[in-house]
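Worksheet: one structure, shown below.
All residue numbers in this chain count up from 1 along the given sequence.
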Amino acid sequence: MSSVERPGEFEGLQNMISGKLENVGSSLRRHTLLEAVARIFVAILGLACLSLLFDWWLELSFVARVLCLLLGLGTVGYLIYQHVILPLRIALSPIEIANLIDQSKQVSPQQAIAPRVASVLQLPAHLSEVEQSQPMIEQAVQYNYQQLSQYPFQDSIDPRHTRHCLLAVLAAFLIPLCFIFIFPETARLWSQRWLLGSNEAWPRNTHLSVVGLKNGQWIIPRGETATLQVHAEDEEGTTESVWLHLESNDGESETITMNRFQAGDFRYEIPPLQLPYKAYAWGGDGESEPFEIVPIDRPRITDLTIQATHPRLSQPFVSHFSASEGNVRLLPQSEVTMQLTTNVKVSQIDVDSEDVSLQWESTDGKHFQARWTHEKPVSFKLTLHSAEHEINSHPRPVSIGVQPDRSPRLSFRYSGVRQRITAKATIPFTMIARDDFGIRQVGMTSDLPLSGTETKEKSDEAEKTESGVKETKSKTPEKKDKNKEYPVYGPVEPAVETVIDHEQQVSISEMKLNPGAVITFQSHAEDDCYTGRQKTSSRQLVFRIVKPEELFREILLRQQQLRSRLRKARDQAEQLRDDLKQASSLDQAADWMRKHQLVRREVGQVSHALNGSVEEMKLNQLGGEETYQLISQTVLKPLQNLHEREMERQRQSLETLRTDTPDSTETMESRQDQIVKSLDEILKKMAQWDSFIDVVNQLNAVIKLEQLVKDKTEELKKKQVDSIFDK
């Protein structure tokens with residue numbers, strides 16, 4: 001029975017030793033937890049310090065800060081798991097606690113307490129075994145217990161370590177508090193950047209600011225170059241270089257060195273952009289906040305139209321302004337409506353003008369219109385202000401002039417005759433009247449400022465009778481109308497024709513003028529202007545009446561001069577013929593062509609002048625139809641055929657001398673010889689014409705002399721008869 005109860009005798013000893021070791025285990029757990037807390041707080045403080053230093057040094061981006069924050073949280077989590085969760089999950093037995101005490105004190109195996117604790121706690125369990133020596137077990141238990149009962153288990157916990165842990169925890173709290181108290185702005189900025197995700201930059205000695213930046217965006221016109229300007233404010237040294245980093249949406253990036261304009265002013269000309277870019281600048285120890293370059297459409301006028309109504313216009317005048325149309329001119333007192341359309345919404349339209357003040361009306365921010373009464377020329381510039389961004393359009397110049405309703409423009413000419421005409425002449429006139437809106441009336445007038453004296457000789461003095469001398473009888477001049485109207489066009493109302501082209505022939509024979517008279521012609525045109533009719537008069541055309549024989553002599557003299565010119569041209573043609581016969585090569589082809597062209601030009605001018613002289617003879621009724629037929633058949637037609645046919649063929653032959661297949665010189669010599677012969681024949685006919693005219697003039701002179709003798713005889717007979725009846 002005693003052998004069974006003996007193990008219970010040592011239970012009190014075991015409980016006492018176990019209790020002491022469990023107390024040590026509890027203290028060890030508390031110490032481990034305190035140490036873990038100290039480690040974690042110190043680690044958090046260290047990570048915060050590192051984040052502050054690296055962020056201030058490198059100005060970490062938001063993504064980098066988030067990654068660092070996640071890495072720090074992972075580190076703290078690892079420390080909690082390693083130093084809190086794992087130790088708390090471990091259940092230590094008294095023997096393991098004693099073993100830990102031995103390890104902490106690094107005692108020798110003879111002084112270790114773990115074997116003694118094992119002897120006290122485990123040997124009594126072997127007393128019931130028959131093969132074991134009970135006295136030895138009891139003695140060993142008693143001995144080890146006596147050794148352990150005097151062992152200071154609580155002294156195995158180092159109080160200094162606990163104090164260090166407490167100091168570390170306290171320092172982990174006090175250091176941030178002191179930092180916040182001493183550097184509140186730095187602490188605030190750190191918390192803003194790391195806890196709230198702000199991108200506010202750290203204060204530096206170099207402060208970089210982007211000019212024109214608003215809400216993190218720099219707005220520029222799309223498709224236009226723009227100058228990015230960065231200001232650098234230095235507290236110590238001067239910043240010498242600033243770099244710009246650009247990154248597109250597709251991931252392409254580039255780093256650019258900005259141009260130093262002056263101290264603290266750096267600029268870079270951005271090329272035309274179509275899509276947004278992300279950018280930031282840095283220099284010295286400072287860096288600008290990241291920003292976005294956003295290209296937007298500059299406000300511009302896509303359509304500009306004016307519509308003008310006027311009482312003179314049947315329909316409104318509409319004009320779309322473009323670079324090709326130039327300025328627009330409107331009639332005075334026009335009611336003008338200007339309409340414009342923009343590509344983006346516009347908040348305001350500035351009008352830079354001293355001539356007109358416009359009040360714009362808009363419906364949707366893109367369509368505007370203004371009205372005014374056009375009285376004088378106006379010129380202004382339109383500047384559009386974008387409604388969404390602070391960007392303006394380029395000034396758009398607009399110029400609207402005044403279109404006056406000018407008086408009619410009149411052209412008045414004559415042809416076929418010269419200013420010296422006969423009393424039987426017919427004068428062809430040509431009148432062309434033009435007006436901006438309509439011709440109402442066109443007319444022509446004639447005037448006789450100098451009608452000439454009717455050369456009526458005074459009657460001879462009658463034979464003196466016995467009763468006295470008879471009075472001289474003179475014939476009173478017949479009164480003539482000095483002015484005469486020739487209606488041409490109109491009057492027409494309303495006037496719609498803007499051009500009147502009229503030809504008028506005036507017969508001088510109807511006026512019964514004597515040689516020496518002067519007659520003037522003038523045309524007039526009148527329009528239907530809305531402010532009052534306007535009348536225009538042409539220049540005066542003055543003609544003098546001369547005797548037919550006098551004008552005939554002038555025309556004959558001009559024809560003789562033309563014959564001299566034609567004779568000179570004939571000599572030049574003959575010289576060209578001789579050059580062709582003596583030519584041994586074609587080197588002088590260009591000179592031959594030049595000489596032929598001179599001769600042909602002279603022949604053409606003579607032919608034209610002769611035609612004009614014949615036309616002048618016809619209009620002045622000098623000579624008869626046989627005379628005109630004679631000079632036409634003998635001179636004019638041969639001369640025209642020579643110019644248009646023979647000389648043209650010769651020109652074509654001379655042109656071939658410049659080609660690879662020239663005509664033969666024999667052919668050209670023969671044709672040139674024929675030209676000379678034709679000129680000789682024409683000159684001969686012209687000489688015969690002069691002789692014929694001389695004969696005709698002599699016959700006319702004889703006829704006039706006989707007629708004069710007849711008139712004198714009849715006049716003398718009449719005087720004698722009158723004298724008989726007077727007696």
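A donor-acceptor contact shorter than 3.5 Å is absent between the side chain of S507 and the backbone of T426. R544 places no side-chain N or O within 3.5 Å of a backbone atom of Q419 that could act as its donor or acceptor partner. No donor-acceptor pair closer than 3.5 Å links the side chain of H310 to the backbone N or O of Q333. Side chain of D673 to main chain of E669: no donor-acceptor pair is present (N/O by atom type, distance under 3.5 Å, no hydrogens or angles). At least one donor-acceptor pair closer than 3.5 Å links the side chain of Q522 to the backbone N or O of S538. Judged by distance alone, with hydrogens and angles left aside, the side-chain atoms of S407 form no donor-acceptor pair with the main-chain N or O of T536 at under 3.5 Å.
Around the CZ atom of R645, the shell of radius 6.0 Å holds no more than 12 heavy atoms that belong to other residues, nucleotides or ligands. No more than 12 heavy atoms of other residues, nucleotides or ligands lie within 6.0 Å of CD in Q359, so this atom counts as exposed by the packing criterion. No more than 12 heavy atoms of other residues, nucleotides or ligands shown are found within 6.0 angstrom of NE2 on H608. The number of heavy-atom neighbours closer than 6.0 Å to NZ of K424, taken from other residues, nucleotides and ligands shown, is 12 or below.
In this model, no donor atom of one side chain and acceptor atom of the other lie less than 3.5 Å apart for Q540 and T520. Side chain to side chain, E335 and T373 meet the donor-acceptor criterion of an N or O pair below 3.5 Å. Judged purely by distance below 3.5 Å, without hydrogens or angles, the side chains of E526 and H524 never pair a donor atom with an acceptor atom. With 3.5 Å as the limit, one finds no donor-acceptor pair spanning the side chains of Q441 and R533. Defined by atom type and a distance below 3.5 Å, a donor-acceptor pair is missing between the side-chain atoms of S415 and R413.
Taken from CD1 in I427 to CG in N620, the straight-line distance is 8.5 Å, to the nearest 0.5 Å. The CD atom of Q605 sits 12.0 Å away from atom CG of L610, with the distance rounded to the nearest 0.5 Å. The CD atom of Q582 lies 12.5 Å from the OG1 atom of T665; values are rounded to the nearest 0.5 Å. Taking OG of S613 as the reference point, atom CG of L636 lies at 7.0 Å (rounded to 0.5 Å). With values rounded to the nearest 0.5 angstrom, L580 atom CG is found 9.5 Å from Q588 atom CD. From L382, atom CG reaches atom CG of L340 across 6.5 Å, with rounding to the nearest 0.5 Å.
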Checklist entry - Passes side chain to side chain contact (heavy atoms under 4.5 Å, CB included), E497 versus Y489? Steps please. => result CA-CA 10 Å; E497 295 292 336; Y489 174 80; 3.5 Å; yes
Next on the checklist: Applying salt bridge (Lys or Arg N to Asp or Glu O under 4.0 Å) to D436 and R409, what does each step give before you reach the verdict?
Outcome noted: CA-CA 9 Å; D436 298 328; R409 278 79 66 197; 3.0 Å; yes
Checklist entry - Taking it one step at a time, do E574 and R577 satisfy salt bridge (Lys or Arg N to Asp or Glu O under 4.0 Å)? => result CA-CA 5 Å; E574 185 179 13; R577 181 194 63 184; 3.3 Å; yes
Checklist entry - Does the pair E615 and N611 meet the rule for a side-chain hydrogen bond (donor to acceptor under 3.5 Å, both in side chains), with working shown? => result CA-CA 6 Å; E615 181 68 20; N611 280 322; over 6 Å; no
Next on the checklist: Assess the residue pair D571 and K568 against the criterion (salt bridge (Lys or Arg N to Asp or Glu O under 4.0 Å)); give the C-alpha distance rounded to whole Å, side-chain angles, the decisive distance to 0.1 Å, and a yes or no.
Outcome noted: CA-CA 5 Å; D571 295 339; K568 183 178 180 181; over 6 Å; no
Next on the checklist: For a side chain to side chain contact (heavy atoms under 4.5 Å, CB included) check, start with the C-alpha distance between V676 and L679, then their side-chain angles and the critical distance, and finish with the verdict.
Outcome noted: CA-CA 5 Å; V676 174; L679 287 173; 5.6 Å; no
Next on the checklist: I'd like to know whether L551 forms a side chain to side chain contact (heavy atoms under 4.5 Å, CB included) with E616, so could you lay out the CA-CA distance, the side-chain angles of the two residues, the decisive distance to 0.1 Å, and finally the verdict.
Outcome noted: CA-CA 10 Å; L551 182 59; E616 184 178 3; 4.0 Å; yes
Checklist entry - Given the rule in the side chain to side chain contact (heavy atoms under 4.5 Å, CB included) test, do M511 and V506 qualify, once you have shown the distances and angles that lead to the verdict? => result CA-CA 10 Å; M511 302 179 184; V506 176; 4.1 Å; yes
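At least one side-chain heavy atom of S653 sits less than 4.5 Å from a side-chain heavy atom of R671. Under the 4.5 Å side-chain criterion, counting only non-hydrogen atoms from C-beta, S607 is not in contact with H643. Here the side chains of H596 and M668 are not in contact, with every heavy-atom distance at 4.5 Å or above. Under the 4.5 Å side-chain criterion, counting only non-hydrogen atoms from C-beta, M593 is in contact with Q597. M338 is listed as a side-chain neighbour of V398, based on a closest heavy-atom distance under 4.5 Å. By the 4.5 Å heavy-atom criterion applied to side chains, Q572 and K595 are not counted as neighbours. The closest side-chain heavy-atom distance from I545 to N514 is not below 4.5 Å. The shortest side-chain heavy-atom distance between V599 and M647 falls under the 4.5 Å cut-off.
Across V603 and A569, no two heavy atoms sit closer than the pair CG2-CB, 4.5 Å. Contact record, P548 with T422: CA-CG2, 3.9 Å, taken as the closest heavy-atom pair. Considering all non-hydrogen atoms of both residues, Q672 and A573 come closest at NE2-O, 3.1 Å. Between I439 and P408, the shortest heavy-atom distance links the atoms CD1-CB, 4.0 Å. Closest of all the heavy-atom pairs between S523 and L410 is OG-CD2, 3.1 Å. The heavy-atom pair separating S664 from T667 by the smallest distance is OG-OG1, 2.7 Å.
Salt bridge present: E550 and R420 bring a charged side-chain N and a carboxylate O closer than 4.0 Å. Ion pairing between a basic and an acidic side chain is recognised when a charged N comes within 4.0 Å of a carboxylate O; D680 and K684 show no such pairing.
Classified by interplanar angle (parallel below 30°, tilted 30° to 60°, perpendicular above 60°), the ring pair F429/F521 is tilted.
Residue Q652 is tested with Q650, E648, R649, E655 for a side chain to side chain donor-acceptor pair (under 3.5 Å); the sole match is E648.
Annotation: side-chain contact (heavy atoms from CB on, under 4.5 Å) contacts of T302 (sequence neighbours excluded): R300, T341, N343. Applying the ring pair (Phe, Tyr, Trp, His ring centres under 6.0 Å) rule to F380 yields no partners; only residues at least two apart in sequence or on another chain are considered.
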